[in-house]
Protein chains: 2
Amino acid sequence: MPVTAPANTASRRELNKVATRRAIADAALALLRSKGAGNFTVEDIAAEAGVSRRTFFNYFTGVDAALASLADRFLDNVLEQFRLRPADEPVLESARAALMELADPMTAAPIAELFSLTNSSQGLGRCELEAWEHCTEQIIAAARERLGEAADELHLRAMAGSIIACGKAAMGVWFEERGADLSPESLAVFRQHLVTAVGLLASGFNAPATA
Amino acid sequence: MPVTAPANTASRRELNKVATRRAIADAALALLRSKGAGNFTVEDIAAEAGVSRRTFFNYFTGVDAALASLADRFLDNVLEQFRLRPADEPVLESARAALMELADPMTAAPIAELFSLTNSSQGLGRCELEAWEHCTEQIIAAARERLGEAADELHLRAMAGSIIACGKAAMGVWFEERGADLSPESLAVFRQHLVTAVGLLASGFNAPATA
DNA sequence: TGCAAAAATGCACTTAGTGTAAATATGTGC
DNA sequence: GCACATATTTACACTAAGTGCATTTTTGCA
């Protein structure tokens with residue numbers, strides 16, 4: 001009868017739920033790969049994951065949410081890097097370092113694939129917008145934690161939003177230039193874009209916007 | 001037989017389509033007000049607008065898109081202000097001036113109402129995310145137009161995204177502080193937040209984020 | 001092993017969204 | 001004003017999304 005909060009040692013039930021959630025998300029990705037965006041149904045995902053259609057909806061509100069969870073899984077790497085930075089470092093410098101994680105092959109590959117697969121259908125997929133938004137909120141939370149309760153909410157939000165905007169911009173430009181090319185040279189370009197974008201942000205976009 | 005592009009003098013057909021589109025969007029807003037988010041169907045909107053359900057889908061992909069078009073209608077005011085700024089002005093200064101339009105009662109009232117109505121259900125409504133995204137794309141286009149083809153795409157995107165992030169942040173903070181209070185004092189606060197946020201952006205977020 | 005809680009499932013139902021063909025409205029030449 | 005071509009709306013049918021509820025299966029624990 002634990003009146004205290006559930007222990008951080010995950011119970012078997014917790015583990016199973018996480019595993020099921022992952023299985024569903026992975027099934028969605030598999031179908032995205034094999035059939036292309038919009039060419040499979042929730043029922044297909046459920047079958048692929050070995051659960052019932054109803055169970056799918058117990059875990060996700062829809063296909064988009066399932067795919068967004070995949071993006072979240074990797075964008076969370078960025079957040080983790082941010083948290084690992086020394087607390088007395090300027091936030092923008094931490095952000096720059098954390099965004100480098102985007103250009104890590106292990107992170108970039110799934111994100112790039114996911115975005116290229118979902119972008120094929122429309123301008124910018126809903127699931128991406130939500131994934132970036134989710135990441136923004138987490139950066140705000142992490143920055144607030146670092147700066148203490150006295151942190152100015154407006155400052156936090158504007159800064160976090162701008163940082164993510166730089167990440168989005170760098171990824172978007174890289175994407176248009178190189179497709180989903182994940183070669184070391186291509187990733188170096190991506191990394192350079194991230195550095196440039198954050199550098200522009202840190203300088204207040206003072207330089208003229210012409211090459 | 002006009003092989004040339006359709007004349008800018010709108011034909012009757014064009015006008016009717018615009019009117020129908022508006023009627024549908026307005027009907028959606030009316031239902032959002034009277035029944036609350038999520039408590040009405042596409043069929044309800046179509047009936048309210050006096051068209052068939054199928055016609056609704058000829059104009060919008062869903063309820064979200066219809067509501068987003070309302071947001072777009074007012075966010076376009078921001079873009080218009082941006083375009084009216086002198087071409088030799090620094091882009092950030094133009095952006096600051098344009099964002100002031102958000103705090104104009106005629107613009108703020110519908111936006112604030114729309115966001116408060118849609119926010120009631122979830123963190124940040126899909127339609128809002130899409131509306132901001134749409135606005136960002138337009139700012140990019142306007143800035144590119146101003147700066148010429150030599151404009152650096154990364155610079156443009158990162159800057160436009162950051163500007164919009166500041167607008168989002170100012171509106172979000174104002175919202176949490178004042179609800180949908182549209183009194184002159186409240187709007188003055190909102191305006192101040194916009195100025196502050198863009199000021200932070202222009203300074204590269206150098207000041208510490210504590211009050 | 002047996003029992004209570006949690007999770008998964010099956011089923012029924014409403015609504016979203018789309019293809020198609022028929023009906024209606026609009027623009028144009030005469 | 002009339003007739004014809006084209007654009008738009010509509011009705012209908014269909015697949016799939018999403019949800020509520022009762023039931024079954026699984027899991028944790030004594």
Side-chain angles (χ1 to χ4, degrees), chain A residues 1-25 27-28 31-32 35-69 121-122 125-127 130, chain B residues 1-25 27-28 31-32 35-69 121-122 125-127 130:
Chain A
M1 185 191 289
V3 278
T4 62
N8 56 3
T9 65
S11 71
R12 174 139 188 192
R13 278 205 171 114
E14 309 290 337
L15 292 175
N16 281 347
K17 288 194 74 163
V18 171
T20 302
R21 193 181 165 85
R22 263 192 86 111
I24 293 173
L31 286 168
L32 181 66
K35 299 199 170 181
N39 299 119
F40 55 94
T41 71
V42 168
E43 196 152 5
D44 295 332
I45 299 175
E48 177 85 15
V51 299
S52 71
R53 198 180 81 96
R54 192 62 184 83
T55 295
F56 173 92
F57 286 112
N58 286 341
Y59 282 89
F60 297 104
T61 60
V63 178
D64 282 357
L67 294 175
S69 82
S121 48
Q122 51 193 306
R126 276 122 198 77
C127 75
E130 287 182 44
Chain B
M1 186 191 287
V3 278
T4 62
N8 55 4
T9 65
S11 73
R12 175 137 187 187
R13 279 205 170 112
E14 308 290 337
L15 292 175
N16 280 348
K17 287 193 76 162
V18 171
T20 301
R21 194 181 165 85
R22 263 192 85 111
I24 293 173
L31 286 168
L32 181 65
K35 299 198 170 181
N39 298 119
F40 56 94
T41 70
V42 168
E43 195 151 6
D44 295 333
I45 300 175
E48 177 84 14
V51 299
S52 72
R53 197 178 83 95
R54 192 61 182 83
T55 295
F56 173 92
F57 285 112
N58 285 342
Y59 282 90
F60 297 104
T61 59
V63 178
D64 283 357
L67 293 176
S69 82
S121 47
Q122 51 194 303
R126 276 119 198 81
C127 75
E130 287 184 45

Study note, to complete from the structure: Rounded to 10°, the angle between the first-five-pair and last-five-pair axes of the helix from C:dT1-D:dA30 to C:dC30-D:dG1 is 20°

Point to revise | Residues forming a side chain to side chain contact (heavy atoms under 4.5 Å, CB included) with B:T41, sequence neighbours excluded | key: B:E43, B:D44

Revision key, fill the gap. Rounded to whole Å, the CZ-P distance (B:F60 to C:dG17) equals 13 Å

Practice item. Ignoring backbone atoms, test whether B:Y59 places a side-chain nitrogen or oxygen under 4.0 Å from the OP1 or OP2 oxygen of D:dT9. Key: yes

Review point. So which heavy atom on A:F56 is nearest to which on A:V63, and how close?
Key: CZ-N, 4.0 Å

Revision key, fill the gap. Atom CZ of B:R13 and atom P of D:dT6 are separated, to the nearest Å, by 10 Å

Review point. B:N39 CG to D:dT19 P: how many Å, rounded?
Key: 13 Å

Review point. If every non-hydrogen atom of A:A28 is compared with every non-hydrogen atom of A:F40, which pair is closest and at what distance?
Key: O-CZ, 4.0 Å

Review point. Taking only side-chain nitrogens and oxygens of B:N16, does any of them come within less than 4.0 Å of OP1 or OP2 of D:dT8?
Key: no

Review point. OP1 or OP2 of D:dG18 sitting under 4.0 Å from any side-chain N/O of A:T61?
Key: no

Review point. Do the side-chain N or O atoms of A:K17 get closer than 4.0 angstrom to the phosphate oxygens (OP1, OP2) of C:dA7?
Key: yes

Practice item. Write down the distance between CD (A:E14) and P (C:dA5), rounded to a whole number of angstrom. Key: 17 Å

Revision key, fill the gap. Ordered by number, residues from residues 47-58 of chain B within less than 4.0 Å of DNA chain C (heavy atoms) are B:R53, B:R54, B:F57

Point to revise | B:T20 side-chain N/O to D:dT9 phosphate OP1/OP2 under 4.0 Å | key: yes

Check your understanding: How long is the line joining CZ of A:R21 and C1' of C:dA7, in whole Å?
Key -> 15 Å

Review point. Between A:D64 (CG) and C:dA16 (P), how many Å, whole number?
Key: 17 Å

Practice item. For B:A49 and B:I24, work out which heavy atoms get closest and say how close. Key: CB-CA, 3.8 Å

Point to revise | Nearest heavy atoms of A:R21 and A:S69, plus distance in Å | key: NH2-CB, 4.1 Å

Exercise for review: Might you point out which heavy atoms bring A:E48 and A:A27 nearest each other, and give the distance in Å?
Suggested key: CG-CB, 3.4 Å

